[in-house]
Amino acid sequence: AQKVTQAQTEISVVEKEDVTLDCVYETRDTTYYLFWYKQPPSGELVFLIRRNSFDEQNEISGRYSWNFQKSTSSFNFTITASQVVDSAVYFCALSEASGGSYIPTFGRGTSLIVHP
Amino acid sequence: NAGVMQNPRHLVRRRGQEARLRCSPMKGHSHVYWYRQLPEEGLKFMVYLQKENIIDESGMPKERFSAEFPKEGPSILRIQQVVRGDSAAYFCASSPRGRRTDTQYFGPGTRLTVL
């Protein structure tokens, strides 16, 4: 069965600090995809990234970067030089290519608060 | 390219009334998923539909809740005889092919408040 753990319930930082949001997953499948979504205070869910299990190359997009490590079953998300607009709940999710469910498993989310 | 549309954005109902939530998927997407998010909680899957078919309703409460995705028009999530515990944000997502590893794109959600 697939499982996603976001152990950090809430993180509070001051603007310009770097912050890493952890995501640890469990799966028996060798082919799977990992996702991150952002839910700002306005409430909508915004897709950030999708990464497949065969691509362990780190991804960088502006101030956002993702570190995928199969050895530790982790797909961590780092925000560099955080800004107030980064305040949101961030969800990590996992989909198995051949698992029993069509539905991704979401973590419970990490609430990031960036103070000015 | 319009994203996933949901309406209404906010819905207030009194106990016992019906709530009807609508979702139009992204252009070119024919697979729709409904999720519920209770306050301070994560996303809970409810139902997965293709046009005119319910594929997986394992997350739907057995009573009062139903969903459809007709050949024409939006997907509808219907909650009959609402109770206070139904107050939540309901999100719709869509994907192009319904493959297990497709990215799901979410709508802005409908916030249901039951008085």
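Heavy-atom basis, side chains included; hydrogens, waters and symmetry copies ignored. Per chain, numbering begins at 1; letters A, B, ... match sequence-line order.
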Legend entry - Contact list for residues 6-34 of chain A, test ring pair (Phe, Tyr, Trp, His ring centres under 6.0 Å), sequence neighbours left out: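 Applying ring pair (Phe, Tyr, Trp, His ring centres under 6.0 Å) to every pair that reaches into residues 6-34 of chain A, excluding sequence neighbours, yields A/Tyr25-A/Tyr32.
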Inset, instruction - Could you tell me which non-hydrogen atom of B/Gly42 sits nearest to which non-hydrogen atom of A/Phe91, and how far apart they are? - result: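 Looking at all heavy atoms of both residues, the closest pair is CA-CE2, 3.9 Å.
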Inset, instruction - Indicate the atoms forming the closest heavy-atom contact of A/Ile103 with B/Tyr48, along with that distance. - result: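 Nearest pair, atom of A/Ile103 first, then B/Tyr48: CD1-CB, 4.0 Å.
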[X] atom [atom1]: more than 12 heavy-atom contacts under 6.0 Å:
X: A/Lys3; atom1: NZ; value: no
X: A/Glu10; atom1: CD; value: yes
X: B/Met60; atom1: CE; value: yes

Inset, instruction - Considering only heavy atoms, give the residues of residues 39-56 of chain A separated from chain B by less than 4.5 Å, sorted numerically, with 'none' for an empty result. - result: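 Those residues of residues 39-56 of chain A which have a heavy atom under 4.5 Å from chain B are A/Gln39, A/Ser42, A/Gly43, A/Glu44, A/Leu45, A/Phe47, A/Arg50.
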Legend entry - Heavy-atom contacts under 4.5 Å, residues 61-75 of chain A to chain B: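 Near chain B, by residue number: none.
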Cluster link [X] to [Y], ILVMFWY, side chain under 4.5 Å:
X: A/Tyr90; Y: A/Val13; value: yes
X: A/Tyr37; Y: A/Ile79; value: no
X: B/Leu21; Y: B/Leu49; value: yes
X: B/Val12; Y: B/Val82; value: no
X: A/Val89; Y: A/Val19; value: no

Inset, instruction - Would you mind reporting whether A/Phe106 and B/Phe45 have side-chain heavy atoms less than 4.5 Å apart? - result: no
Inset, instruction - Using a heavy-atom cutoff of under 4.5 Å, enumerate the residues of residues 107-115 of chain B that contact chain A, numbered in order, or state 'none'. - result: B/Gly107, B/Pro108, B/Arg111
Legend entry - Side chain / backbone / both / neither for B/Gln37 at chain A, heavy atoms under 4.5 Å: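 Answer is side chain: those atoms of B/Gln37 sit under 4.5 Å from chain A.
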